[in-house]
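Beneath this line is the structure, given in C-alpha cells, with notes to follow.
Chain letters run A, B, ... following the sequence lines, proteins first, then strands; residues in each count from 1. Because the structure is predicted, anything quoted here is derived from the model rather than measured.
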Amino acid sequence: MKQITLAHGGGGEEMNALINEIFSIFENNVLKEANDAAILDDLAFSTDSFVLNPIFLKDVNIGKLAVCGSVNDVLMVGAKPLYLSLALILEEGFEIEKLKIILKSIKEECNKAGVKLVCGDTKVVPKNKGDEIYINTSCIGKSIQKINTKNIKSGCSILVSRDIGAHGCAVLVERNNLEANIKSDCKSLKDEVLALLNADISIKAMRDATRGGLSAVLNEWAKLSNLELLIYEEKIPVCDEVLGVCELFGYEPYELANEGTFILCVDKKDEQKALEILKQFNANAAIIGEITANKKARVVLENAYGAKRILEAPKGELLPRIC
Amino acid sequence: MDLINDFRDKERILILKELIASKITKPINIMEICGGHTHSIMKFGLPDLLPKEINFIHGPGCPVCVMPRERIDIALKLASMPNTIFCVLGDMLKVPGSYESLIDLRAKGADVRALYTPLDVIDIALKNPEKNIIFFAIGFETTTPMSGVIIEKSIALNLKNLFFHINHVLVPPAVEAIMQDKNVRIDAFLGPSHVSVITGSSIYEPIAKKYKTPIAVSGFEPVDIMLSVLNIIEQINANTFEVYNEYHRVVSKEGNLKAKALVEKYFKPCDFEFRGLGVIANGGLCLKDEFTHLDASKVFDCKVQSKDESKACICGQILRGLAKPYDCKVFAKACTPKNPIGSCMVSSEGACAAYYKYYQDKA
C-alpha cells in the first residue's frame, strides 16, 4: 500500500486493510469491537463523513444522507440517538440556495429522528479543491440494549429489513442519466429499530448495509465470528429495477450501497417475531440465512436449485463491465 | 417473456440437469470462449449441477486478459502526457503495466476517467477543447462498433483533440490459434452471444467445419448455458459439427449489418499480440490508413520499455485451456484480485478472478 486510491474508501477489502495496517496505531478495546458506533458505558457515539456525486438525487440529498448515516450507526448498537454535530466543508462558489435546501433537509431529518443538532463547524476551500460540499456528522445516543457483533453465534438467523441496493442503484441511475423508477432507501431507521429493541427479542447484531452493501456486512460478520454464514439467494429481496440496472452494468445487488436498510442477526427462536416487526415497516423484509456451526469465516450463497458458491467481500471500485 | 427470471428459472434448470445427465455418454471438454461465460458458470454454480464428465475450459475471450503488457505500458505513457484526459473502460483501469496501473497513475493526479458509456468521450472532447482526449479502445467484435460510432461522430464534429489507442481484437483468429495447438483438447465451444449479436452466428461456421467441433452460440443465463450444453452433447452423440444458435432471441445468422459496415469503414485487420497466445496474424483491428491522424500511437511518442511477464504466472496456459487457475502456484496466494500478478486475476471477466471469487475454497 503506497498511496491512497478510491478503492480505500469503498467499504470493501481495501478499506479494511487500511484500517488494520495503518489506523491500527490507535488500537484500543472500543475500536477493536468494530461496531458501527462506539459503545461507551451507557452511551453510543458515531461519526461519519459524507461525499455524494451528484449531491441531489431524485428524492434525497447529501443533507438527509448525513443525518441518517450517523443516526443509523447509533441505532445499530442498540441506542436511541439524541444529539448530532454538523461540520460542513464548502467549495468556493457553492450556491447559497443549494446550501439552504440541504440545511432544510438536515432539519427535517433531525426532527424525524428525534435528534437535536447541538454543535457545528463550517470551512470553505478554494474553487476546484472540493466537490461542492462535504459533510461530517457525529451522533451521541443513549443505550437501550448493548448490541455487539461479538455476540454472533452459530444457529442464529439473519434477516434483512427490506429489498437491497436501492441507494446504490439510484446513484447509478442519476450519474448515468438512465430512466428507471428507483428511489434511494435513505431514511432514519429509528422507528423499526426501537420497535425491535422494545420487543422481547435477543438481538445478536445489527448493521446498516451502507458502502459495500449486504456482501460487506455478511463478510464482516463471518470474519468477526469466525463462522460460516449460509445465505439463501432466492430469499434475498431485490426489486426489479435494481436487478435490471445491475444486469446492465454487470454488478451484483449484494455489493450496492444502501442508506436505510439493515441486516439483523437474532436467535433462531426470535426470527419470526423479528420478521413480523420488520414487515410492519417494509413488506419486503425477509429471513435470508443463518449462521452455521462451520468454523470457516466465509459467506456461502446457496441458489434456488441447490448450487453453492462463495459470496466474496467487495473489492476495489465498482467498475462496470466492458461488454 | 421475462428476459432475466425465465432464464434463471429453477424448474427449467432442474429439467435440463436431468436431460443432460441422461444424454451424456463420455467426458466432454467444452471451452467457453468468453470470460462472461466463465463468470456465469461460476456465479450460477453450474459445475455443481452438471455431470462430472463435463469439463469447462476457459478461453481467450476476455479483452483485458489478452492485452499484452506493452499495450498497457503505452496506455500509461499516453495517460501521463501533460494536458491529457485519458478515457478507459472498466477493468482496464486496474491492469498492472510493467511498473504501475492506470489506477495508480490516477492516484498520482493524472486525469484518467473510467466510462460506462464510451460516447461520453465526445462530450469530454467538446468540453475540453484545450486538452488532448485519448480513448483506450478495447474489446472484441462486441465493442468495436461503438468505437466506430465515436470516430464517426468525432469526424462529423470536426474534433481536433480526440485520439484513439486502438486495441480491438477478433474472436475467430484467437479460436483458430488455440485449435492449432496440438496440446489442446477441446470437443466443443460455447460461443459468446454478444459477439454474434454483431457478427451473426455464421462467423463460427468455418471453425466448426474445419475442426469438426460443435459450437453453441449461447446467452449468459443458466438456462441459456444448459440448453447450449445439451445441444453440444446431442451433437457429439450424433457426430455432427454445426453452429447452434441458442441465443436466437437476439442473434441472427448474418448479424447487425449496420454495425459491421461501420467497423469496415474505419478499421482494417492487423497482427495483434495476444497475451499468452503470441502474435496472431490478422488477430486484431487497427485504423485504416486514412484515419492515421486519429491514431494516438502514430500521433504521440509511444515507445516503451516493457518488463517480461512474471514467470510464476501461467495466464498464457490458462488462456489456451491447458491449465486451470488452481494449477497456478501463485493462485489465491501471491496472486489475488487485490494484488494481481496476471491479467486473468485483474479482469472481472478473467478466469482466475472467477475461480477466486466464487470457488476459491474448492481448489
Side-chain angles (χ1 to χ4, degrees), chain A residues 1-9 12-18 172-173 175-178 215 228 233-234 238 240 242-252 254-255 294 296-323, chain B residues 2-5 8-11 13-14 17 34-36 39 42-49 62-64 88-94 100-101 103-104 106-108 114-117 120 138-143 146 192 194-195 220 222 336-338 347-349 356-362:
Chain A
M1 199 185 296
K2 287 183 189 156
Q3 55 196 2
I4 295 294
T5 66
L6 285 174
H8 287 115
E13 277 200 1
E14 290 84 352
M15 175 170 263
N16 282 333
L18 188 70
L172 281 173
V173 163
R175 279 188 191 160
N176 293 284
N177 292 320
L178 301 177
S215 167
E228 180 185 277
E233 192 165 29
E234 64 179 333
V238 184
D240 285 348
V242 170
L243 191 60
V245 169
C246 281
E247 290 299 317
L248 199 62
F249 284 87
Y251 295 151
E252 290 207 283
Y254 321 127
E255 295 189 2
N294 194 348
K296 278 191 174 179
R298 63 181 185 183
V299 182
V300 174
L301 206 58
E302 183 175 309
N303 66 23
Y305 36 91
K308 289 180 179 173
R309 58 129 161 149
I310 303 291
L311 181 66
E312 272 282 297
K315 287 182 191 68
E317 276 173 68
L318 271 184
L319 292 169
R321 67 158 145 249
I322 290 166
C323 54
Chain B
D2 182 328
L3 290 176
I4 296 178
N5 294 321
R8 293 180 185 177
D9 180 66
K10 179 181 171 182
E11 300 309 319
I13 289 168
L14 293 176
K17 176 187 170 181
C34 173
H39 271 262
M42 296 296 165
K43 178 178 166 183
F44 296 112
L46 300 190
D48 277 3
L49 284 186
C62 160
V64 177
V88 60
L89 297 179
D91 286 333
M92 287 311 303
L93 210 55
K94 297 187 283 184
E100 60 185 348
S101 67
I103 230 168
D104 298 328
R106 189 180 65 182
K108 286 181 183 170
L115 309 177
Y116 173 68
T117 310
D120 285 350
I138 65 156
F140 284 88
E141 288 87 339
T142 327
T143 55
M146 182 52 81
H194 53 352
V195 164
F220 291 89
T336 64
K338 211 163 66 179
S347 166
S348 61
E349 293 179 28
Y356 184 92
K357 185 174 167 71
Y358 302 119
Y359 269 70
Q360 55 174 294
D361 67 322
K362 296 198 177 180

query: Relative to chain A, which segment of B/Val64 carries a heavy atom at a distance below 4.5 Å: side chain, backbone, both, or neither?
result: side chain
- prompt: Between A/Ala17 and chain B, which part of the residue has a heavy atom less than 4.5 Å away: side chain, backbone, both or neither?
  reply: side chain
Side-chain touch A/Leu319/B/Leu89, heavy atoms, less than 4.5 angstrom: no
statement: Interatomic distance, OH@B/Tyr356 vs CD1@A/Ile310, rounded to 0.5 Å, equals 10.5 Å
message: Quick check on B/Phe140 against chain A: is it the side chain, the backbone, both or neither that has a heavy atom closer than 4.5 Å?
response: neither
query: Atom CG in B/Asn5, atom CG in A/Asp240: separation rounded to 0.5 Å?
result: 6.5 Å
task: Would you mind reporting whether B/Tyr116 and A/Leu248 have side-chain heavy atoms less than 4.5 Å apart?
output: yes
message: Nearest 0.5 Å, please: how far is CG in B/Leu115 from CG in A/Asn176?
response: 10.0 Å
- request: Evaluate the side chain to side chain contact (heavy atoms under 4.5 Å, CB included) criterion for residues B/Arg106 and A/Leu6: first the C-alpha distance (whole Å), next the side-chain angles of each, then the deciding distance (0.1 Å), finally the verdict.
  value: CA-CA 9 Å; B/Arg106 189 180 65 182; A/Leu6 285 174; 3.1 Å; yes
- prompt: Quick one: what part of B/Pro222 sits under 4.5 Å from any heavy atom of chain A, side chain, backbone, both or neither?
  reply: side chain
- prompt: Looking at A/Glu233 and B/Lys10, does any basic side-chain N land under 4.0 Å from a carboxylate oxygen?
  reply: no
task: Hey, could you give me the NZ/OG1 distance between B/Lys94 and A/Thr5, rounded to the nearest 0.5 Å?
output: 11.0 Å
query: With no hydrogens and no angle check, is any side-chain donor or acceptor of A/Gln3 less than 3.5 Å from a backbone partner on B/Asp104?
result: yes
message: Quick check for you: among B/Leu46, B/Asp91, B/Asp9, B/Thr142, which has the greatest number of heavy-atom pairs under 4.5 Å with chain A?
response: B/Asp91
task: Side chain from CB out, backbone as N, CA, C, O: work out which of these in A/Glu252 comes under 4.5 Å of a heavy atom of chain B, or both, or neither.
output: side chain
message: Using heavy-atom distances under 4.5 Å, tell me whether B/Met146 contacts chain A through its side chain, its backbone, both, or neither.
response: neither
- prompt: Would a distance-only check, ignoring hydrogens and angles, find a side-chain to backbone donor-acceptor pair under 3.5 Å from A/Tyr305 to B/Arg8?
  reply: no
- prompt: Is a donor on one side and an acceptor on the other found under 3.5 Å between the side chain of A/Arg309 and the backbone of B/Lys43?
  reply: yes
Spacing of B/Asp48 atom CG and A/Asn303 atom CG [to the nearest 0.5 Å]: 8.5 Å
- request: Locate the shortest heavy-atom distance separating A/Ala307 from B/Gly45; write the atom from each residue and the value.
  value: CB-O, 3.4 Å
